[in-house]
Amino acid sequence: MAERIHITTAITYSNGPPHVGHAYEYLVTDSFVRYQRRKLGAENVTFVTGTDEHGQKNRDAAAAAGLKPKEFSDRIAALFREAHKGLNISDHIFVRTTDPVHEALVQRMLQRTYDCGDIYFKDYAGLYCVGCERFYTEKELLPGNICPTHNTRVESIKEGNYFLKLEKFRDEIVKNVRREGFIRPERYRNEALQMLSEPLDDLCISRPKARLDWGVELPFDSRYVTYVWYDAFWAYLSELPDNSSEALSEVLPVTEHFIGKDILKTHAVYWPAMLLAVGLPVYRHLNVHGFLNFGGARFSKSSGNIKDPVSFERAYGPDVLRYFLLREVTYGLDGDFSEERIVERYNSDLANDLGNLTSRVLSMAARYFQSEVTAQAGTGNDPLDGPLCEAFAATASKAGALIDDLAFNRSLEVIWQALDAANKYIVATAPFTIAKDPAQLSRVAQILANLIEGLRVVADTLAPFMPVTSAKILDLLNVDATLARAQFGQGIKPGHRVKPATPLFPRIEKPKA
RNA sequence: GGCGGCGUAGCUCAGUUGGUUAGAGCGGAGGUCUCAUAAUCCUCAGGUCGUAGGUUCGAUUCCUACCGCCGCCA
């Protein structure tokens, strides 16, 4: 049976348009998805992303916009769909928590948990912050019962609510968190374990409709809707082609969640508890990324440094933002984002290394051989040929293993080492010099065959990171999808014709405003 | 306040299960080639590896304290 994998981004709880921070998560995850599709076959990979549309904040944002909640979330969802398209996010299931299929699964799981006796009712009196949608204890608040996050006065509320038992699942949750590689990178595992070293308060999973009616109704008490978090987690699974419990039992052990570090606790503690409560297995990996800063400062609306990520695609061309974020940011750590750095990366890596290498190789092929490949790659006996061919031959597997380990930046580094080797090889073999001697043309042919075949392998390996660029280079090489995937030396054969060079990444002279 | 992480060349970061001259990329300086997008290629950074102690034959790498930044929790 073929190995399969299920991959998700966090679903977005957003009352505004997507920004670069969202884009980072989408682009990282999508590159991982694209890699897995190539490795396992597209039919063995499912990819879910979407929007989290219930809850008080969404309802309030809708009210502020003068819209009904559903109309408002339709608009937000459309914005995100548009952003996915603009960012070239590959095929995915776009979940909305207001979709009937999703709501049905949430209700099924609530009912099952209730039937198992893991949800109970109790009266609760406490201080509630509307913005946070949660209760606070007095010592958590600032003097005067002010919410530390929103700087507003919390409300004193007394109401009955439903709770999910958590302590019952503690041992099982801890066992999971301890599991090697469950949380990646490892730094976040320690944080999660620390969270688990303290008593777990049972999770309140309901909101009375009297206070908030924008949510999924509890199947066992129509006076309540479920809390947004309980609702949202199931979005990872609800719109899969088959969301039966049997199917979910198969999917969860191969499920990879990609999230930001801010929602570590909910995913490391609550979500596993929810799954265990309904007798489902815990998912396989929690992949946690850091935040993007802007010139050293946090992205924030007030500082006005929020950028529309799609505008970068338009300004710099496809794949550039994606390349930059994956190459420059170490997965799991915070990264710094600035246009100055993008331009630096663009010029040095994309224009000078990748783009220029493609140009010079194709130009020589055109000039000396009318773009025909006339030798078999990998068969040269010059001492310079061996190392180059070995470098190209090893690139794909090395780069791939690093993607499996979420080391996207190092994976790209490996690919660029191959480009580097190619540029050095050209200088060392100097085909442009020996081409002046007709007697040495066959050697020139050999050199170019090696380079063209190497370029093919690099372009193919680059596909998850730079899908558009990869396709462009493969097109210049006149290679179809099947030929593109061949191992080094098995691809382009003598007699093959490539196309004339066109600049892939024209240099940018000045940073754009 | 508790716990954890980080602090390495101008910038972004690797790295060291303790051991000869601490690495890469970018930026900057000089040089080279001419196939190429004034690109490539070669050479050049003398950085107290946050500070102060300790362990050790020997610490950037282990321990302690402290300083700074950050995260989580309270």
Side-chain angles (χ1 to χ4, degrees), chain A residues 136-142 148 183 185-201 260-269 288-293 295-298 317 324-325 327-338 340-369 371 384 402 407 409-410 412-417 419-436 444-445 447-448 451-452 455 476 500-509 511:
Chain A
Y136 277 96
T137 57
E138 273 186 50
K139 58 180 178 178
E140 288 178 291
L141 295 166
L142 302 173
I183 299 180
E186 194 175 351
R187 59 198 301 125
Y188 293 109
R189 177 166 71 168
N190 296 331
E191 281 192 21
L193 284 171
Q194 192 201 333
M195 292 164 184
L196 284 161
S197 69
E198 287 151 27
L200 296 174
D201 289 331
K261 63 182 184 178
D262 53 328
I263 50 179
L264 173 63
K265 184 175 184 177
T266 52
H267 283 75
V269 181
V288 187
H289 65 256
F291 290 149
L292 238 38
N293 297 317
R298 283 282 287 273
F324 174 79
L325 292 174
R327 178 67 186 83
E328 186 94 350
V329 179
T330 301
Y331 189 80
L333 301 179
D334 288 358
D336 201 50
F337 176 90
S338 79
E340 205 183 328
R341 304 278 306 172
I342 290 185
V343 171
E344 279 176 17
R345 280 285 176 195
Y346 178 100
N347 279 336
S348 71
D349 298 2
L350 301 181
N352 296 354
D353 295 341
L354 179 59
N356 183 54
L357 176 66
T358 306
S359 283
R360 66 196 304 203
V361 169
L362 293 179
S363 294
M364 283 190 278
R367 178 182 299 219
Y368 306 132
F369 301 100
S371 293
L384 291 168
L402 288 165
N409 56 346
R410 293 180 56 206
L412 281 164
E413 210 175 283
V414 163
I415 296 173
W416 254 256
Q417 279 166 4
L419 297 176
D420 210 45
N423 272 323
K424 286 177 167 64
Y425 176 77
I426 294 176
V427 171
T429 55
F432 41 82
T433 302
I434 60 176
K436 290 167 187 161
V444 176
I447 292 166
L448 288 178
L451 287 166
I452 288 169
L455 212 46
L476 287 171
T502 56
L504 293 169
F505 298 99
R507 277 183 67 86
I508 300 171
E509 291 311 327

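Just so it is clear, the values below take in all heavy atoms, side chains as well, and ignore hydrogens, waters and symmetry mates. Convention: sequence-line order gives letters A, B, ...; per-chain numbering from 1.
- Residue order along RNA chain B, read from the 5' end via each residue's closest nucleotide, puts Gly335(A) first among Gly335(A) and Leu354(A).
- A straight line from CG of Leu333(A) to C1' of C70(B) spans 12 Å, rounded to a whole angstrom.
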Could you list all N or O pairs between the protein and nucleotides 1-10 of chain B that sit under 3.5 Å apart?
residue : atom : partner   : partner atom : Å
G2(B)   : N2   : Gln194(A) : NE2          : 2.9
G5(B)   : O2'  : Arg187(A) : NH2          : 2.9

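- Backbone-only contact: Arg367(A) has heavy atoms under 4.0 Å from sugar-phosphate atoms and none from a base.
- No donor-acceptor distance shorter than 3.5 angstrom exists from the side chain of Tyr368(A) to the backbone of Lys436(A), with no hydrogens or angles considered.
- Using atom P as the reference point in both A29(B) and G46(B), the two lie 15 Å apart (nearest Å).
- Under the 4.5 Å side-chain criterion, counting only non-hydrogen atoms from C-beta, Leu504(A) is in contact with Leu476(A).
- With sequence neighbours left out, Tyr188(A) forms a ring-ring contact (aromatic ring centres under 6.0 Å, His included) with no residue at all.
- Look at the C1' atom in both C44(B) and A9(B): the space between them is 13 Å, to the nearest Å.
- A donor-acceptor pair is defined here as one N or O able to donate and one able to accept, closer than 3.5 Å; such a pair exists between the side chain of Asn347(A) and the backbone of Ile508(A).
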message = For Asn409(A) and Tyr331(A): C-alpha separation, side-chain torsions, deciding distance, then whether side-chain contact (heavy atoms from CB on, under 4.5 Å) applies.
response = CA-CA 8 Å; Asn409(A) 56 346; Tyr331(A) 189 80; over 6 Å; no
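- The nearest heavy atom of RNA chain B to Tyr368(A) and to Glu344(A) marks one nucleotide each, and the one closer to the 5' end goes with Glu344(A).
- Nucleotides U8(B) and C13(B) are separated by 9 Å at their C1' atoms, to the nearest Å.
- One interatomic measurement links the two molecules: CZ of Phe324(A) to P of U12(B), which rounds to 12 Å at whole-angstrom precision.
- Closest approach of Leu264(A) and Met195(A) over heavy atoms only: CD2-CE, 4.1 Å.
- The stretch residues 428-436 of chain A touches RNA chain B through Phe432(A), each having a heavy atom under 4.0 angstrom from the strand.
- Atom C1' of G2(B) sits at a distance of 29 Å from the matching atom of U60(B), rounded to the whole Å.
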Enumerate all atom pairs, one protein N or O and one N or O from nucleotides 40-42 of chain B, separated by less than 3.5 Å.
residue : atom : partner   : partner atom : Å
U40(B)  : O2'  : Arg360(A) : NH1          : 2.8
C41(B)  : OP1  : Asp420(A) : OD1          : 3.2

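- A distance of 6.5 Å separates CZ in Arg360(A) from CZ in Phe432(A), rounded to the nearest 0.5 Å.
- If you take atom C1' in C33(B) and the same atom in U21(B), they sit 32 Å apart, rounded to whole Å.
- Asp353(A) contributes atom CG, which lies 6.5 Å from atom CG of Asn423(A) (distance to the nearest 0.5 angstrom).
- Residues passing the side-chain hydrogen bond (donor to acceptor under 3.5 Å, both in side chains) test with Asn356(A), sequence neighbours excluded: none.
- Between C69(B) and A36(B), the distance separating the two C1' atoms is 45 Å to the nearest Å.
- Rounded to whole Å, atom C1' of G25(B) lies 10 Å from atom CD of Glu328(A).
- One atom, CG of Leu362(A), and another, C1' of A36(B), lie 10 Å apart when rounded to the nearest Å.
- Residue contacts shown for Ser363(A) are limited to sugar-phosphate atoms, with no base heavy atom under 4.0 Å away.
- When the P atom is used for both G4(B) and C62(B), the distance is 15 Å, rounded to whole Å.
- Asn347(A) places its CG atom 20 Å from the P atom of U12(B), with the value rounded to the nearest Å.
- Few gaps surround CZ on Arg189(A); more than 12 heavy atoms of other groups in view lie less than 6.0 Å from it.
- As judged by a 4.0 angstrom heavy-atom cut-off over every strand, Leu504(A) is placed among the base-contacting residues.
- With pairs defined as Watson-Crick or G-U wobble and both atom distances under 3.5 Å, the stems of at least three pairs that touch RNA chain B come out as B:1-7 with B:67-73, B:10-13 with B:23-26, B:28-31 with B:41-44, B:50-54 with B:62-66.
- When each of C35(B), U37(B), C72(B) is scored by its nearest atom to the side-chain atoms of Pro503(A), the top-ranked nucleotide is U37(B).
- Taking atom C1' on both nucleotides, C57(B) is separated from G50(B) by 27 Å, rounded to a whole Å.
- Rounded to whole angstrom, the span from the CZ atom of Phe369(A) across to the C1' atom of C35(B) amounts to 12 Å.
- Under the side chain to side chain contact (heavy atoms under 4.5 Å, CB included) test applied with Met364(A), the options Ile447(A), Ile426(A), Val444(A) reduce to a single match, Ile426(A).
- Distance, Leu292(A) CG to U12(B) P: 15 Å, rounded to whole Å.
- In this structure, Phe505(A) reaches the bases: a heavy-atom distance under 4.0 Å links it to at least one base atom across the strands shown.
- Atom pair Glu413(A):CD and C13(B):C1' shows a separation of 9 Å (rounding to whole Å applied).
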